Amino acid sequence: MSVKTLTINNTPVAAEEGKTILEAAKEAGIHIPTLCFLEGVSTVAACRMCLVEIEGINKLLPACVTQVTEAIVVHTNTPKLQEYRRMVIELLFAEGNHVCSICVANGNCELQNLAIEVGMDHTRFPYRFPKRSVDVSHPQFGIDRNRCILCTRCVRVCGEIEGAHVWDVAQRGADAYIVSGLSQPWSEVEACTSCGKCVDACPTGAIFRKGTTTAEKQRDRAKLQFLVDAREKHEWTR
Amino acid sequence: MDLSELLKIGDREKKQQKSIRVHCCTSTGCQAANSLSVKNNLANAVQELGLSDRVEVVGVGCMGFCGRGPLVQIDPEDILYEVVTPEEAPSIIDALSGGVAKPIQGNSQHPFFARQMRIVRQHTGKVDPERIEEYIAVGGYQSLYKVLYEMTPAEVVSEISKSGLRGRGGGGYPTGLKWATVAKMPGDQKYVICNGDEGDPGAFMDRSVLESDPHLVLEGMVIAGYAVGANHGYIYVRAEYPLAIQRLQKAIQQAKKYGILGSQIFESPFDFKIDIRIGAGAFVCGEETALIQSIEGKRGNPVPRPPYPAESGLWKCPTLINNVETLANVATIIHQGADWYASIGTENSKGTKIFALTGKIRNNGLIEVPMGISLREIVEEMGGGVPDGEVKAVQTGGPSGGCIPASMLDIPVDYDSLSKIGSMMGSGGMVVMDRATSMVEVAQFYMQFCREESCGKCVPCRAGTVQLYSLLDKILNKQGTQADLEKLETLCHMVKKTSLCGLGISAPNPILSTLRYFPEEYQELIPAESLNGKVRHGSS
Ligand SMILES: Cc1cc2nc3c(=O)[nH]c(=O)nc-3n(C[C@H](O)[C@H](O)[C@H](O)COP(=O)(O)O)c2cc1C
Ligand code: SF4
Ligand code: SF4
Ligand code: SF4
Ligand code: FES
Ligand code: FES
């Protein structure tokens, strides 16, 4: 296996061929914000939070899917990128119905954390106040689509790790939403094993465990990684 | 079948053809205007007047002048009749033996026709798209025979490269380079995809090619398959094009029957089969990665490139994806030679391009023009200008393109000139706007389209187009402020820079180009009290 050397934010970094810029940066201790990315499942490059600048390429590239190449010079935190990231978060807050003060994930929400990280204290875009549905038919879990940011982590974790493929995306554009089964209530989807992985994967309070109230959502994110490692690397202990 | 048999089919067909051919358009536009009854009545009249020995009525593809359909054209005299009704149709036949034809006689020497240069549409309006024999009679499938027996795949690729052909699906990527990449990829299984999704509002070039000359596209695909080492091709056509689908099906069957498609084509070791896939009419499914997902039976969402389809496309195999019009150039390039093709057009844009000329213009329809022709020639000479008015702007490139102000009408129509001024060639929509048109409304129309067609996968496009649309709405309702205008521009740049696929990347173009060339129209919509002392500029 060959090794590529590159520069990220003026720091020289060596990374194995085939690694992404995100992985290389992480190894070098450089933080790049992500949202749709979830360790252990496929990448979709949908949220655009991890876009980085590479000298000589006039397109911004998502660090989560872009593989390292020899001698590239990467910048992960330029003023332009900071501005774009802030706008992505603003657009997300304006798009859904996010009332943090009464959300199960308050204080433990990746969207909220990113808002703080990028310094978003208000959104310059008017709130859309969309009409979205809530499904609490499942005995243990619920989904509140008002808080969904369409990152499709639930879709991927359920399809790729649990192998149940309960979730998918219905409709398109601003009308897109996360749908269970063949557009059935969650409780009627026989494929669901009630494993709870979608709860662990969901970055916001959209999918939650019943019985949790404001600011009580917990995630066992390590479980997802453990399962993937067990499968791929045969590491059976946690 | 070998070459002599192919030529024999062509000769037999030519001998059978009558000395006078009455061509009646049976493409979608004219069919909608009842051209099938016109054709029926023409054929009956031939029978009744006892002219069957020298006159035949042939259903042909779109002649391009669809706004004046149903069209009937007579060869060899080249007489054109417009807006023919079924009742008047028999008088056309009567006129062949001394009577008087009732329908309006068109002028086939009008610049609309005369200034065209037909490469892709060379047989259109002359051959019956439902009969392979007619295609063979005009030299069809000889290029395919030539590549199979006289050229190596590498020679075919280099011929296409030399011709300078670039993709007609919008991006203008050099076709030869794309073919060379796929050809050089390792792997036994490769695919060729013909992109016939054509989702731009107002565009119908590809539909017309598929309906009028399906074999030309098939021949291009098989040649492409041979050049890149693929044995399987897909044509992706939207479900809204039933006639194109039906004619393609028929064409594929006929070609198979003659051994021109399928296994051991022309008794050579080369096999190639073509399947049709029908799209449900989402604009984004024309984007190559989304189209591939759709063929694989998945939701038609774009996926990040790289990897490009040429490396990892359909079912992760190297895949060549080209537009209908791109592929329809191939057989002629092989037949006439790359040098001939490269002699047409400008330095970096070779050959011809078909445009759908619409909007506030006298002559609507499809035109095929050499690259480098000026926009003014198209609009004023061929299109006949704006009826009772003046041109204000021309929109090219559909929802991905931009508005070109009348002051720039002298620019040559080629890939580089158009993108330099903030528009693009696109797939070939060309909408002429007159002085009465509001450019802000035009921008909003296209933004509404993009908002509705966004697949919703990535945030900037899904949520950004919604905000852009509502900002325009606010401005058009005279509720906007100077700050809103600035926000509009900032958001345009953000959506353009951060979206995942071409839809989002180009969605802001109509706004950006109108902001650039018609800033006063935006300013005029901002109420004076919101200006906060800022001087209003550009308004009269
Ligand atoms: C939103 C979007 C829609 C597109 N629609 C079409 C289409 O309808 N037909 C087409 O040929 N190409 C379309 N394209 C371009 C294709 O992605 C691709 O570049 C093209 O088919 C390549 O063929 P070419 O090189 O022959 O142009 C579209 C691209 C985008 C981003
Ligand atoms: S609980 Fe498990 S099986 Fe059910 S939807 Fe969530 S991830 Fe899928
Ligand atoms: S429910 Fe949660 S995990 Fe699923 S798409 Fe929405 S925000 Fe993402
Ligand atoms: S840019 Fe728009 S159409 Fe393209 S992937 Fe993103 S949301 Fe989908
Ligand atoms: S984390 Fe890379 S695009 Fe979402
Ligand atoms: S459809 Fe008849 S001329 Fe175009």
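Just so it is clear: chains get the letters A, B, ... in the order the sequence lines come, proteins before strands, and each one is counted from 1. Note that this is a predicted model, so its numbers are computed, not measured. All values below were derived from every heavy atom in this structure, side-chain atoms included, with hydrogens, water molecules and symmetry-related copies excluded.
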When A/L91, A/L35, A/N58 are compared by non-hydrogen pairs under 4.5 Å with chain B, the top option: A/L91
Supply the atom-to-atom distance B/R166 CZ to B/L177 CG, rounded to the nearest 0.5 angstrom. 11.0 Å
Side chain, backbone, both or neither: which part of B/L491 has an atom under 4.5 Å from a heavy atom of chain A? both
Measure A/I149 against the heavy atoms of chain B and call it side chain, backbone, both or neither at under 4.5 Å. backbone
Checking heavy-atom separations under 4.5 Å from chain B, one finds in residues 38-53 of chain A A/V44, A/A45, A/A46, A/C47, A/R48, A/L51
Which one, A/Q67, A/E90, A/R128, A/K59, leads in non-hydrogen pairs under 4.5 Å with chain B? A/R128
Most contacts with chain B, counted as non-hydrogen pairs under 4.5 angstrom, among A/P62, A/A94, A/P126: A/P126
Contacting moiety of B/K497, where chain A heavy atoms sit under 4.5 Å: both
How close do B/S513 and B/P510 get, counting heavy atoms only, and between which atoms? OG-O, 3.5 Å
At a heavy-atom distance under 4.5 Å, which candidate from A/R172, A/M87, A/Q171 has the highest pair count against chain B? A/R172
A/K19 and A/E27: which non-hydrogen atoms are nearest, and at how many Å? CE-OE2, 4.2 Å
Pair B/E452, B/Q448: side-chain N/O donor-acceptor within cut-off below 3.5 Å: yes
B/Q444 vs B/V440, test: side-chain contact (heavy atoms from CB on, under 4.5 Å). Steps then yes/no. CA-CA 6 Å; B/Q444 194 196 28; B/V440 186; 5.8 Å; no
Looking only at side-chain N and O atoms, does B/S506 offer a donor or acceptor that is under 3.5 Å from a partner on B/N509? no
For chain A, find its close neighbours in residues 278-298 of chain B: heavy-atom separation under 4.5 Å, sorted by number, or none. B/A282
Are A/K4 and A/E23 close enough for a salt bridge, meaning some N to O gap below 4.0 Å? no
What class does the angle between the rings of A/W167 and A/W186 fall in, given that below 30° is parallel, 30 to 60° is tilted and above 60° is perpendicular? perpendicular
Test the B/R238-B/Y241 pair against the cation-pi criterion, namely NZ or CZ under 6.0 angstrom from the six-membered ring centroid and within 45° of the ring axis. yes
Does anything in residues 457-470 of chain B reach chain A? List residues with heavy atoms under 4.5 Å apart, or say none. B/K457, B/C458, B/V459, B/P460, B/R462, B/A463, B/G464, B/V466, B/Q467, B/S470
I'd like to check A/I178 versus A/L150 (side-chain heavy atoms, cut-off strictly below 4.5 Å). Are they in contact? yes
Indicate whether any N or O donor in one side chain lies under 3.5 Å from an N or O acceptor in the other, for A/E70 and A/T5. yes
Quick one: closest heavy-atom pair of A/E110 and A/R153, and the distance? OE1-NH2, 2.8 Å
Which residue out of A/D175, A/V88, A/D168 racks up the most heavy-atom pairs below 4.5 Å with chain B? A/V88
Residue part contacting chain A, namely of B/E453, when any heavy atom lies under 4.5 Å: both
B/Y173: what forms a ring-ring contact (aromatic ring centres under 6.0 Å, His included) with it, not counting sequence neighbours? none
Assess the side chains of B/D206 and B/N323: does a donor N or O sit below 3.5 Å from an acceptor N or O? yes
Does B/K487, at its NZ atom, have more than 12 non-hydrogen atoms belonging to other residues, nucleotides or ligands within less than 6.0 Å? yes
Using a cut-off of 6.0 Å, state whether more than 12 heavy atoms not belonging to A/I116 lie near its atom CD1. yes
Under 3.5 Å, is there a donor-acceptor pair between the side chain of A/N146 and the main chain of A/N97? no
